[in-house]
2 protein chains.
Amino acid sequence: MLRAGKIDRGTPAAGDEQPPPAAGQQATTTPRRRAASSADEAYEELRQAIHRGDLMPNERLIEVELASRLQVSRGVVRTALVRLGQDGLVVLTPNRGAHVRLVSEEEAVEILQVRAVLEALTARQAASNATAREVTEIRAVLDRMAQRLDSDDLLGYSEGNANLHAAIIAAARHDTAAKLIAGLRGQLVRFQYRTILVPGRAAQSLDEHAAIVEAIAARDPDAAEVAMRRHLGHVESTLADTATAIRHRADPSDGTHPA
Amino acid sequence: MLRAGKIDRGTPAAGDEQPPPAAGQQATTTPRRRAASSADEAYEELRQAIHRGDLMPNERLIEVELASRLQVSRGVVRTALVRLGQDGLVVLTPNRGAHVRLVSEEEAVEILQVRAVLEALTARQAASNATAREVTEIRAVLDRMAQRLDSDDLLGYSEGNANLHAAIIAAARHDTAAKLIAGLRGQLVRFQYRTILVPGRAAQSLDEHAAIVEAIAARDPDAAEVAMRRHLGHVESTLADTATAIRHRADPSDGTHPA
DNA sequence: GTCTCCTAGATTATCAACAATCTTGTGGAC
DNA sequence: GTCCACAAGATTGTTGATAATCTAGGAGAC
């Protein structure tokens, strides 16, 4: 469902939203810090509800219903939906309302491909631009990931994974890429924790991340880019494999079986 | 300024908007063809007005004014502005309205960098996925570019340039990348025709494009990607050079002049 | 003369009512 | 029994009015 009431914008939720403080430059709206308008609150609340899975893919979003849940007027919900539509999280059909967008397996692969080249760019930039302080931080995150993997804490590992990517993006100082990556990540909720559960994938993943960090620390942009591309390329093929595997397991209830 | 009245959606304007028929899948709204609602019309009209330069960067956008010009209600203008804000064309400041976003020289470089890696991806995909028919078409576009360069038709060459990139993107069949590239292109109006005017740049540009086309025709994804990156890398450095050159020419009023 | 406070105008933000459209269910014809 | 037409309900689209906020200019104090 969707818990009603105002949201607390102070804490960006326990989960891993997009790189929180990010590089800089906030959303196009609210450039100065300013009491978040109810419009912004509604937008953020819906965004997180989708991200959190409270609003399921293909679920129909009825304006009056959301309005009463969020305790705002319908117009506010409406503009929030327009914004969400614009960044691809919901689909707006004229006169027929809004659905949470369901991204197909194929789209997920496309999104990962794009993310791969964008994050490769940030890895490259990070190798050039990261401060010594940031390199230390990145190394620390990697170490924590290794510890969690040792103690079989896959969820913690996955979280560290997100943190590492976020740290690299922050160090890259590339707002344009950062913003696009954040937008893409927002569309991939459904496939978040799938790949890391593949047997043996986690160990391999750690090696790949280590290579990326090495390259950045060595100030080698080319190597950093290659390492990042290799890493996300593996994620992509792992995802594609598990997808077909799931299909072959004769499970027709996968997604909405669009195929 | 901004010519009032309804827009003619039949002809996508003489200029080179984003890859017109593109791969497929239209904007998030209006998935079925359906009489464009006044909301969509207003959105498109404003979008093109910004793209065309009728609305200058940093120009303040007053809702009632736009409403009367477009002959729609203020609410319609408002949601159009929200959408434009969401895709980065205008900046919305709470209680203070909307401005056309001015992209700085630095942001332009960032945007080009991102475009470079994304279009490199599409070049790669095109090398894998293009039909024979599409390869022929791409070659034809390149030939036309050569002819126009021969006859010193730089504007026509520039148009062919856009067509070639569009054709490659279409052949790539990668909706996610296509959509992002279109969004990025929309933010770069101000720097559109600058680089091609640098002496000797056009000839070099043609060679670079030829290399890309060769690689796609040869079904060599790696080569296609490298060639595209080289090409847009050169565009980027050319842009950066002319930018500093202009600055050194002691022209402090650089900025809003379309140059 | 310069600064601060305050008022008037302009503009945006929000809301509630109305109109247009779609969806669903019922009844009748064949 | 199945299909089509139609009506009722539900939902979205649009508009205009009202409230909140900001901006600019002037009066007054020092």
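Residue numbering restarts at 1 for every chain, and letters A, B, ... go by the order of the sequence lines. Since this is a predicted model, take the numbers as computed values, not measurements.
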For [X] and [N], what is the distance between atoms [atom1] and [atom2] respectively, to the nearest whole Å?
X: Arg83(A); N: dA13(C); atom1: CZ; atom2: P; value: 12 Å
X: Tyr43(B); N: dG13(D); atom1: OH; atom2: P; value: 17 Å
X: Glu41(A); N: dT14(C); atom1: CD; atom2: P; value: 10 Å
X: Glu63(A); N: dT14(D); atom1: CD; atom2: P; value: 11 Å
X: Arg74(A); N: dA17(C); atom1: CZ; atom2: C1'; value: 10 Å
X: Glu59(A); N: dT11(D); atom1: CD; atom2: P; value: 14 Å
X: Leu92(B); N: dT14(C); atom1: CG; atom2: C1'; value: 16 Å
X: Gln71(A); N: dC15(C); atom1: CD; atom2: P; value: 12 Å

Quiz item: Under 4.0 angstrom, heavy atoms only, what part of the nucleic acid is Gly75(A) near: base, sugar-phosphate, or nothing?
Solution: nothing

Quiz item: Within the structure shown, what part of the strands sits under 4.0 Å from Leu61(B) by heavy-atom distance: base, sugar-phosphate, or nothing?
Solution: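 Sugar-phosphate: the residue Leu61(B), judged by heavy atoms under 4.0 Å, touches backbone atoms but no base.
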
Quiz item: Which residues satisfy the side-chain hydrogen bond (donor to acceptor under 3.5 Å, both in side chains) test with Glu110(B), sequence neighbours excluded?
Solution: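 So Glu110(B) forms a side-chain hydrogen bond (donor to acceptor under 3.5 Å, both in side chains) with Thr176(A).
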
Quiz prompt | Arg60(B): side-chain hydrogen bond (donor to acceptor under 3.5 Å, both in side chains) partners, not counting sequence neighbours | solution =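 side-chain hydrogen bond (donor to acceptor under 3.5 Å, both in side chains) list for Arg60(B), sorted by chain: empty.
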
[Y] and [X], any side-chain heavy atoms less than 4.5 Å apart:
X: Leu239(B); Y: Glu105(B); value: yes
X: Glu236(A); Y: Val109(A); value: yes
X: Leu61(A); Y: Val77(A); value: no

Quiz item: Which of these nucleotides, dT14(D), dT12(C), dC15(C), is closest to any side-chain atom of Asn95(B)?
Solution: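 In terms of side-chain proximity for Asn95(B), the closest of dT14(D), dT12(C), dC15(C) is dT12(C).
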
Enumerate the protein-to-nucleotides 23-25 of chain D contacts in which both atoms are nitrogen or oxygen and the separation is below 3.5 Å.
residue : atom : partner  : partner atom : Å
dT23(D) : OP1  : Arg96(B) : NE           : 3.3

Quiz prompt | OP1 or OP2 of dG13(D) under 4.0 Å from side-chain N/O of Arg78(A) | solution =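 The answer is yes; a side-chain N or O of Arg78(A) sits under 4.0 Å from OP1 or OP2.
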
Quiz item: Quick one: does Thr122(A)'s side chain have a donor or acceptor within less than 3.5 Å of a partner on Glu119(A)'s backbone?
Solution: yes

Quiz prompt | The single option from Arg47(B), His51(B), Arg101(B) passing side chain to side chain contact (heavy atoms under 4.5 Å, CB included) against Leu89(B) | solution = Arg47(B)

